[in-house]
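As structure tokens, the structure follows; a few thoughts come after it.
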Amino acid sequence: QVQLVESGGGLVQPGGSLRLSCAASGRTFTRYTMAWFRQGPGKEREFVVVISPSATIKRYADSVKGRFTASRDNAKNTAYLQMNTLKPEDTAVYFCAAKDGWPVRGEYDVWGQGTQVTVSS
């Protein structure tokens, strides 16, 4: 089973950009569907994007379509979330998650510890 470590969060002004990374340990990364979720202050965790093992399928939440781009580098065992045109409502702790196989059925197998993204002037 993989282990996940997120990085790249921080404070950014509205309209700015950040790129989050999710580094996975283990040799089976290419089997895993990767996803990003977020949890804003006082809110429930919400889905952001899912990317299939081969990166051929990506599905985004409506709230981030056109602004966020998910990608993965299977040679580096890393998933990425490029976030552009950030808004204050994007402020949240962002988590990556992994699930063996595609499509995803049931809960994700592994979660990272989260990285804080704050969008504020």
Side-chain angles (χ1 to χ4, degrees):
Q1 194 175 42
V2 297
Q3 292 183 319
L4 305 175
V5 177
E6 299 100 333
S7 61
L11 173 64
V12 63
Q13 292 187 343
S17 298
L18 279 176
R19 188 176 82 154
L20 306 183
S21 298
C22 176
S25 64
R27 294 178 290 180
T28 58
F29 182 72
T30 53
R31 292 193 346 223
Y32 282 79
T33 293
M34 300 299 296
W36 291 90
F37 291 79
R38 66 185 182 185
Q39 187 165 16
K43 298 180 180 179
E44 294 187 353
R45 186 174 63 196
E46 65 172 351
F47 166 80
V48 175
V49 60
V50 61
I51 180 168
S52 64
S54 61
T56 54
I57 299 173
K58 303 175 190 179
R59 295 179 180 150
Y60 296 87
D62 288 343
S63 58
V64 306
K65 278 181 183 176
R67 300 188 299 121
F68 289 13
T69 302
S71 62
R72 63 190 294 165
D73 185 336
N74 286 345
K76 294 183 178 180
N77 281 13
T78 303
Y80 303 97
L81 182 64
Q82 177 66 44
M83 306 185 294
N84 298 330
T85 319
L86 282 160
K87 305 174 182 180
E89 51 264 43
D90 295 318
T91 295
V93 178
Y94 283 72
F95 301 89
C96 64
K99 178 73 173 176
D100 194 349
W102 174 269
V104 173
R105 293 187 177 89
E107 295 295 321
Y108 282 80
D109 300 321
V110 185
W111 292 82
Q113 83 288 354
T115 186
Q116 176 71 47
V117 171
T118 302
V119 184
S120 175
S121 54

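Please read these numbers as outputs of a predicted model, since none were measured by experiment.
- Looking at Q113 and V5, their side chains come closer than 4.5 Å, going by heavy atoms from C-beta outward.
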_Apply side chain to side chain contact (heavy atoms under 4.5 Å, CB included) to residues L20 and V117 and explain how you reach the verdict._
CA-CA 9 Å; L20 306 183; V117 171; 4.0 Å; yes
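- Considering only heavy atoms from C-beta on, Y94 stays 4.5 Å or farther from Q116 through its side chain.
- With rounding to the nearest 0.5 Å, the separation of CE in M34 from OG in S52 is 12.0 Å.
- Judged by distance alone, the side chain of E6 and the main-chain N or O of C96 form a donor-acceptor pair under 3.5 Å.
- Y108 and W36 fall into different hydrophobic clusters, where Ile, Leu, Val, Met, Phe, Trp and Tyr side chains are chained together by heavy-atom contacts under 4.5 Å.
- Remark: D90 does not engage K87 in a salt bridge, criterion side-chain N to carboxylate O under 4.0 Å.
- In this structure, S25 contributes its side chain and Q3 its backbone to a donor-acceptor pair below 3.5 Å.
- With hydrogens and angles ignored, the 3.5 Å screen pairs no side-chain donor or acceptor of K58 with any backbone N or O of S71.
- Contact annotation: the side chain of I57 never approaches that of I51 to less than 4.5 Å [non-hydrogen atoms, C-beta and beyond].
- For the pair V50/T33, a side-chain contact is recorded, criterion being any heavy-atom separation below 4.5 Å from C-beta on.
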*Could you walk me through whether W111 and F37 pass the ring-ring contact (aromatic ring centres under 6.0 Å, His included) check?*
CA-CA 10 Å; W111 292 82; F37 291 79; 4.9 Å; yes
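- The OG1 atom of T85 lies 11.5 Å from the CE atom of M83; values are rounded to the nearest 0.5 Å.
- For the pair R38 and F47, the NZ or CZ position fails the cation-pi test of under 6.0 Å to the six-membered ring centre and within 45 degrees of the ring normal.
- Under the 3.5 Å distance criterion, with hydrogens and angles disregarded, no donor-acceptor pair is assigned to the side chains of T118 and S120.
- The shortest non-hydrogen separation linking Y60 to A70 is OH-N, 2.9 Å.
- Taking the side chain as every heavy atom from C-beta outward, Y80 and D73 approach each other to under 4.5 Å.
- A distance-only check finds no donor-acceptor pair linking the side chain of N74 to the backbone of S54 [under 3.5 Å].
- The two atoms that bring A24 and L4 nearest to each other are CB-CD2, 3.7 Å, heavy atoms only.
- Note that CD of Q39 and OG1 of T91 are 13.5 Å apart. Values are rounded to the nearest 0.5 Å.
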Contacts table for residues 8-19: side-chain donor-acceptor under 3.5 angstrom, sequence neighbours left out:
unit_1: S17; atom_1: OG; unit_2: N84; atom_2: OD1; d: 2.9

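- For T28 against V2, the heavy-atom pair with the smallest separation is OG1-CG1, 4.0 Å.
- The distance from atom CZ of F68 to atom CG of L86, rounded to the nearest 0.5 Å, is 5.0 Å.
- Distance CG/D100 to OH/Y32: 4.5 Å, rounded to 0.5 Å.
- Contact check for C22 versus F95: no side-chain heavy atoms found under the 4.5 Å cut-off.
- Taking the side chain as every heavy atom from C-beta outward, R72 and T78 never approach each other to under 4.5 Å.
- Contact check for W102 versus R31: no side-chain heavy atoms found under the 4.5 Å cut-off.
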